[in-house]
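Remarks on the structure that follows.
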Protein chains: 2
Amino acid sequence: MKVYKIPEATVMRLSIYSRHLQHLRVEGVETVSSEEIANGVGVSSAQVRKDLAYFGEFGTRGVGYKVEELLGHLMKILGLDQKWNVIMIGAGKLGSALALYEGFRERGFVICAILDADEKKVGEKLTDVIIEPLGVLDARVKEHSINIGIVTVPAVAAQEVTDRLVASGVKAILNFSPRVLKVPSGIVLRNVDLSVNLEVLSFNLSFNR
Amino acid sequence: MKVYKIPEATVMRLSIYSRHLQHLRVEGVETVSSEEIANGVGVSSAQVRKDLAYFGEFGTRGVGYKVEELLGHLMKILGLDQKWNVIMIGAGKLGSALALYEGFRERGFVICAILDADEKKVGEKLTDVIIEPLGVLDARVKEHSINIGIVTVPAVAAQEVTDRLVASGVKAILNFSPRVLKVPSGIVLRNVDLSVNLEVLSFNLSFNR
DNA sequence: GACTGTGAAGCCATTCACAGCT
DNA sequence: AGCTGTGAATGGCTTCACAGTC
């Protein structure tokens, strides 16, 4: 199977499969079928096999997949066989929380610089990182070879901050601000819009009932 | 156009359109075309018109849409013409931050109870809400007519907490824990997986370069 | 017998393109 | 002339179903 374009939905599921496999490994499971993975994460077994097929043949017919081995492949595919240095811009409520959140580090993402435009915040400490002013952006990106930026500034500042991240050489941006951002092609951008998610819920509760 | 099943992607975009319209309103814009909305939020104009068409005819041919009016329709559709009381389970790093985050309240979601299993956290205050033990779940849900729950507990506790939310009568759940949850049909569930989003970035940075 | 890997079919969302209004 | 609303065409993801392998 030769494919050059991988559906984004597939990538997201691979991430979920990989975490489920970690869970299975902790429980001492050594071999798993696509059906079992599927049940564990709430998709169809055909979906699991199709997703994996984009990247190779990892299983054994009649048997299934070796948990340890498949997990290794997935971590490699997702780029999690290395650590990623991350810079965060915006140390407000959301930014501070995300900086303190252990989930990122557990998967190899190390927040090694946190910047904020607010002078009152500069100097404060989150985990072991001191909040610094925006001026040091270029320096920190170079110093830590940072590829990934997380934007948690208010909507009005989001585009400007993004432009500065791109200018400093950051290649991928995770945007938590409720604003649609423009980035040059070649820069990877993802938006996590917390309100949108709640609103999908309220829509479903309101509509058709 | 008679449709009973609305694509989830459409609902998410409606939420984004509505925020863009709020933005336009603040800027004093009175009329807007599908093309202008499209440029503002990064989709095609056909997409905008198709999304709106699921719910009615809101524009004027040759002219466009009245910002104020369309915004009103969208807020109604999304269920944002009312306030929603929300209960949050888990007052760890992420939970506390989300509770403090103003973005939810701005869109009408009021976190009016925060519970945590950890006795050490009980009694602490986040905004004006005091963290309480899990035992008061049923009481709070009834008391505030809560329909929506936010789960920010560690993965191991997520399913149990979800079951309790469902049992207490909550109809929609926003899950921030990195675990796939099972809920009875009829319960609306959405997952916001923060790590998955970062991993889509690392995948894109690693794969094919 | 069990389970993977995969072409084909089915389904759903997006884009096209134009008729219909203003 | 300009822009919406929408059936038809397209494209892409998911499911089906089964050949291939252990």
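Below, all heavy atoms of this structure are taken into account, side chains as well, without hydrogens, waters or symmetry copies. Lettering of chains follows the sequences in order, A, B, ..., and the numbering in each one begins at 1.
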Under 4.0 Å between a side-chain N/O of [X] and OP1 or OP2 of [N], yes or no?
{"X": "S34(B)", "N": "dT4(D)", "result": "yes"}
{"X": "Y54(A)", "N": "dT14(D)", "result": "no"}
{"X": "T60(B)", "N": "dT22(C)", "result": "no"}
{"X": "R13(B)", "N": "dA13(C)", "result": "no"}
{"X": "S44(B)", "N": "dT15(C)", "result": "yes"}

R49(B) side chain, from C-beta outward: closest of dT14(D), dG5(D), dT21(D) |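 Output: dG5(D).
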Closest nucleotide among dG20(D), dT14(C), dT15(C) to the A9(B) side chain |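 Of the options given, the side chain of A9(B) lies nearest dT14(C).
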Figure out the [atom1]/[atom2] separation between [X] and [N], and round it to whole Å.
{"X": "K66(A)", "N": "dC3(C)", "atom1": "NZ", "atom2": "C1'", "result": "16 Å"}
{"X": "K50(B)", "N": "dA8(D)", "atom1": "NZ", "atom2": "P", "result": "10 Å"}
{"X": "Q47(A)", "N": "dG12(D)", "atom1": "CD", "atom2": "P", "result": "17 Å"}
{"X": "Y17(A)", "N": "dT4(C)", "atom1": "OH", "atom2": "P", "result": "12 Å"}
{"X": "E57(B)", "N": "dT6(D)", "atom1": "CD", "atom2": "P", "result": "5 Å"}
{"X": "E35(A)", "N": "dT15(D)", "atom1": "CD", "atom2": "C1'", "result": "13 Å"}
{"X": "E8(B)", "N": "dT14(D)", "atom1": "CD", "atom2": "C1'", "result": "16 Å"}
{"X": "D51(B)", "N": "dC12(C)", "atom1": "CG", "atom2": "P", "result": "17 Å"}

Assess whether one donor atom and one acceptor atom, taken from the side chain of K5(A) and the base of dG11(D), lie less than 3.5 Å apart.
->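 Answer is no: no donor-acceptor pair is held.
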What are the two closest heavy atoms between [X] and [Y], and how far apart are they?
{"X": "N175(B)", "Y": "R179(B)", "answer": "ND2-O, 3.0 Å"}
{"X": "G95(A)", "Y": "M88(A)", "answer": "O-SD, 3.3 Å"}
{"X": "A91(A)", "Y": "I131(A)", "answer": "CB-CD1, 3.6 Å"}

Are E102(B) and R105(B) close enough for a salt bridge, meaning some N to O gap below 4.0 Å?
->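 Here E102(B) does not pair with R105(B) in a salt bridge, since their nearest N and O are not under 4.0 Å apart.
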So which one's nearest nucleotide on DNA chain D is more toward 5', T10(A) or R61(A)?
->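 That would be T10(A).
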Between D193(A) and S195(A): side-chain donor-acceptor atoms closer than 3.5 Å =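 The criterion, which ignores hydrogens and geometry beyond distance, is not satisfied for S195(A) and D193(A).
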